[in-house]
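As the structure is a computational prediction, the values presented were derived from the model and not from experiment.
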Amino acid sequence: MLKEYLKAITLFLKSSNLYRGIVQTTAVITPLITFYFFSDISYAIPIAIGVFLNAPSNIPGTLKRKASTTLVSILLTMLVTLLVSFSRIHFAFLIITLGILSFFISLISAYGFRGSLIAFSGLLAIVLSLANKVSGIDIWIHTGLIGIGGLWFLVVVFISHWIAPKKDEDQLISETLYLTGQYLKIRGKLLLKKTQRDKLLVEILKIQTQLNEKHEVLRELLLSERTKTGRSHFDEKRVLIFIALIDILELALANTIDYTKIDAIVNDKNLLKEFKKLNLTMGKHLQVLSEKLINKKKVQSKTELLDGLANVEKSIEKYKKSTNISQRREAIIILRNLLDYQAQQIAKVRSIRRVMNNVNGAKKVKLKSNEAAQFITPEEYNLQILAEHFTINSPIFRHALRLSITVLFGFLFGTIVGVKNPYWIVLTLIVLMRPSYGLTKERSINRIIGTLIGAAFATLIILITSNTIVYMILATLSLTIALGLLQQSYRSAAAFITINVIFIYTLIEPNNLAVIQFRVIDTAIGAALAVLANYLIWPTWEFMNLNPIIIETIKKNKAYLLAIKEIYHTKQINNLSYKVPRKEAFLAISNLNAAFQRMTQDPKSKQKEMGLIYEMVTLNNTFVSALASMGSFIQSHETTSSSENFDAFIMHIENQLENTEAQLNKDKTAIIKEHLNIDTAQKALKYSYTKLSKIRDKEIKEGKTVIDKKMRLHLQEAHLIQTQLNWLKVLSEDINRTTKKYTKMFAHK
């Protein structure tokens, strides 16, 4: 345990998160130190505030996006500072200004994650302007210095990027490697842990969502840069690792197993243990590679992987010899497919190992700049997006109203009851309140726990010493660590933020224990208001927002289905017309999983038709897995020509999805395609597999015990295509049936 803890600390000390914290802290303290020695430090304080206000824009992404986000943030924070500072001349005017600004700034979150960061900077500017006591011409000077601080921070960001341009990329790739390893390990456990499968499947959905989020950021970092500057040797390595990680996730999704079927037809648990062991080995291997990427050390040997694969193959051969092949053919084909899957995964893991070891034989990336651009999700910033959210049905609009009302109430409450710093309540509200109740509640709990831990530590230090130098050092260190931990652990970050704030105020306020008391009380008031507001004021429960997410999932699944049909016809396996729909289907299902996870955080009374929605989410996840299975097989095997029976299945499944989408979207009319009778197609595909099985049985009777490669591949293809098409047919019908039930249920709500 201690070893793991020390390892985590070591990795954090080398992470881009801590590096970002150091950069932001350096940008804050540099003007303070400079003006302290050469001029009046009062000028340095608004410059430091300008840095602090615009620091949220420094997240992983291209330098261009960082710069544009920061520049918009600078303009917004300067405007907010001016408006709030001048409105202080009259309390009523100040209240009106606070309400209007907090509402319209919150709406900026409609522009996605970067928009939410700009909005947070604007809201933070409101709080710090409330703490600001300047007036008259000093307001203009103060605002100008804040702008200078923002520009200074941008300069520091450019310098830090020049010093370590690939720090964010390496950190993200490392985290993705670790999560992918964890994903494979859980997949291995699913084979044998029957009683824990539901819990493990929920965990898998969470990790899958996190992986898709990291893949999106990596696409922006690696592929945006590629479209502009071409590629260097180091860029090439990172793209190769990234592509391998995407392939690993697709392969894993493509081989989602019917565990009930495995339980029923595979009667050798020791054989399954070998499969599980190999999955755990692959997962552990990726997690070690994750650490090596940050530590810049040589990667481990491939022997364990190859030995594990050999053991699985031997176990299958032993199983074949101990059983009747004709009776256990389906089990043997399933096991053989699973072995092929693990062999492909090992090949991907080894390709990452070769890239990290700088092996000369590593393949080259053939993606062209114009192709790379198609994998990047475009971000739009036109006014139409804002207009679309200007309705009470929009969760962002509701959140903006809720936040502005709660900010006003919190500030008025703090002022009336005589709280020393009522803007601390406002700060807590701005930091904690999110559109979703569950996330707000979770952050509030973590904030309170973190604040109590930080306050306890600060109290202990204050009782031990009153040395101001110690306070300054701790304030600086705690700020750096807090900024570094924000993306990893909000609770830990809250503890260090509390330590930082307490020691800064202790340097100003002689009665330091009172500072701690006020900080804890104000945080508790703000956290309580945040949770109550999300529950009572125009609450947005997750079940209310599911419809558009499910519609998008159905649409993307349909596009992915048709892309698979196309590659089965053309045999062109590396074209964009397949890869882009695959990416979009994965992102859509990831968004659906994330929405369901948020729903589980809502109060039990607000989790409407939870069982039905869980069934819909599970069916859609299984559908994507079945699609990925078929697509992956077609890509990695030489296949026979497609038939009208195959096309009949695809059209039937497409029709089911069309009907499902039309049920959810009343403005849509389903376009139904005519096709060969599905029962006829079903019998024909089954006959193809049966015919091959009989030919193989005849070969065995004639003494040909070793199957040739061509026959094995044809049997695998016939079995997999028949099985997957039947499975997709059943799933599409189940999705349609469940959606009908869902729409009827919510039509009466």
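Heavy-atom minimum distance, Thr428 versus Ala527: CG2-N, 3.7 Å. The two atoms that bring Leu546 and Ala595 nearest to each other are CD2-CB, 3.9 Å, heavy atoms only. Listed here is the closest heavy atom pair of Ser121 and Leu53: OG-O, 2.8 Å. Listed here is the closest heavy atom pair of Thr26 and Thr30: O-OG1, 2.5 Å. For Gln208 against Tyr183, the heavy-atom pair with the smallest separation is OE1-OH, 3.6 Å. For the pair Leu432 and Ser444, the tightest heavy-atom approach, listed with the atom from each and the gap, is CD1-OG, 3.6 Å.
Residues Val531 and Ile445 fail the side-chain proximity criterion, which asks for heavy atoms closer than 4.5 Å. Residues Leu401 and Ile537 fail the side-chain proximity criterion, which asks for heavy atoms closer than 4.5 Å. At least one side-chain heavy atom of Arg114 sits less than 4.5 Å from a side-chain heavy atom of Arg65. For the pair Lys185 and Gln287, the minimum side-chain heavy-atom distance is below 4.5 Å. Between Phe496 and Leu479 the shortest side-chain heavy-atom distance does not fall below 4.5 Å. When side chains are defined from C-beta on, Val431 does not count as touching Ile497, because their heavy atoms never get closer than 4.5 Å. Residues Ile525 and Leu529 have side chains in contact (heavy-atom distance under 4.5 Å, counting atoms from C-beta outward). Side chains of Leu427 and Leu124 form a contact here, defined as non-hydrogen atoms less than 4.5 Å apart.
Here the straight-line distance linking atom OG1 of Thr176 with atom CD1 of Ile173 works out to 7.5 Å at 0.5 Å rounding. Rounding to the nearest 0.5 Å places CG of Leu474 at 11.5 Å from CD1 of Ile504. Here the CD1 atom belonging to Ile118 is positioned 12.0 Å from the CG atom belonging to Leu123, to the nearest 0.5 angstrom. The CG atom of Asn446 lies 9.5 Å from the CD1 atom of Ile453; values are rounded to the nearest 0.5 Å. The structure places CD1 of Ile473 at 9.5 Å from OG1 of Thr468, a figure rounded to the nearest 0.5 Å. Atom CE in Met433 sits 5.5 Å away from atom CG in Leu403 (nearest 0.5 Å).
Arg443 forms a cation-pi arrangement with Tyr490, by the criterion of a distance under 6.0 Å to the ring centre and an angle within 45° of the ring axis.
For residues 524-534, the side chain to side chain donor-acceptor pair (under 3.5 Å) pairs, not counting sequence neighbours, are Thr440-Asn534. Sorted by first and then second residue, the side chain to side chain donor-acceptor pair (under 3.5 Å) pairs with a member in residues 46-61 read Gln24-Asn58, Asn54-Ser73, Ser57-Thr70, Asn58-Lys66; sequence neighbours excluded. Applying the ring-ring contact (aromatic ring centres under 6.0 Å, His included) test to residues at least two apart or on different chains, the pairs with a partner in residues 90-109 are Phe103-Phe397.
With a 6.0 Å radius and a threshold of 12 heavy atoms from other residues, nucleotides or ligands, Ile469 has its CD1 atom at or below the threshold. Counting non-hydrogen atoms of neighbouring residues, nucleotides and ligands closer than 6.0 angstrom, the CZ atom of Phe596 exceeds 12 such neighbours. No more than 12 heavy atoms of other residues, nucleotides or ligands shown are found within 6.0 angstrom of OH on Tyr43.
Looking at Thr480 and Thr25, their side chains do bring a donor and an acceptor atom within 3.5 Å of each other.
When atom types are taken as modelled, the side chain of Ser436 and the backbone of Leu439 share a donor-acceptor pair closer than 3.5 angstrom. Within the 3.5 Å criterion, the main-chain N or O of Ile502 finds no donor-acceptor partner in the side chain of Tyr471. Side chain of Trp152 to main chain of Ala27: a donor-acceptor pair is present (N/O by atom type, distance under 3.5 Å, no hydrogens or angles). Checking side-chain atoms of Ser489 against main-chain N and O of Leu485 turns up no donor-acceptor pair under 3.5 Å. Judged purely by atom type and a 3.5 angstrom limit, Ser394 has no side-chain atom pairing as donor or acceptor with the backbone of Thr391.
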* Carefully, step by step, assess Leu179 and Lys214 under the rule side-chain contact (heavy atoms from CB on, under 4.5 Å). => CA-CA 10 Å; Leu179 274 174; Lys214 292 192 182 297; 3.6 Å; yes
* Would you sort out whether Leu82 and Trp140 count as a side-chain contact (heavy atoms from CB on, under 4.5 Å), showing the intermediate values? => CA-CA 7 Å; Leu82 277 174; Trp140 292 98; 3.8 Å; yes
* Phe503 and Val470: side-chain contact (heavy atoms from CB on, under 4.5 Å), yes or no, with the steps? -> CA-CA 9 Å; Phe503 282 125; Val470 172; over 6 Å; no
* Step-by-step side-chain contact (heavy atoms from CB on, under 4.5 Å) determination, Tyr423 to Asp522 -> CA-CA 9 Å; Tyr423 55 83; Asp522 293 345; over 6 Å; no
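Contacts of Arg598 classified as salt bridge (Lys or Arg N to Asp or Glu O under 4.0 Å), with partners at least two apart in sequence or in another chain: Glu542. Residues passing the side chain to side chain contact (heavy atoms under 4.5 Å, CB included) test with Asn17, sequence neighbours excluded: Ser15, Arg20, Gln171, Glu175, Gln487, Gln488. Judged as a side chain to side chain contact (heavy atoms under 4.5 Å, CB included), and not counting sequence neighbours, the contacts of Thr209 are Glu213, Ser590, Asn593, Ala594, Gln597. Taking Arg402 as the reference, nothing meets the salt bridge (Lys or Arg N to Asp or Glu O under 4.0 Å) condition, with sequence neighbours excluded. For the salt bridge (Lys or Arg N to Asp or Glu O under 4.0 Å) test, no residue two or more places apart in sequence or in another chain qualifies with Lys167. Scored by the side-chain hydrogen bond (donor to acceptor under 3.5 Å, both in side chains) test, Ser174 finds Ser290 as partners (sequence neighbours excluded). Evaluation of the side chain to side chain contact (heavy atoms under 4.5 Å, CB included) rule for Pro539 yields Trp541 as partners, not counting sequence neighbours.
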I'd like a table of donor-acceptor pairs (distance under 3.5 Å, sequence neighbours excluded) in which one partner is a side-chain atom from residues 142-151, with atom names and distances.
residue: Thr143; atom: OG1; partner: Ile139; partner atom: O; Å: 2.8

Name every donor-acceptor pair, under 3.5 Å, that has one atom in a side chain of residues 411-418 and the other anywhere in the protein, sequence neighbours excluded.
residue: Thr415; atom: OG1; partner: Phe411; partner atom: O; Å: 2.7

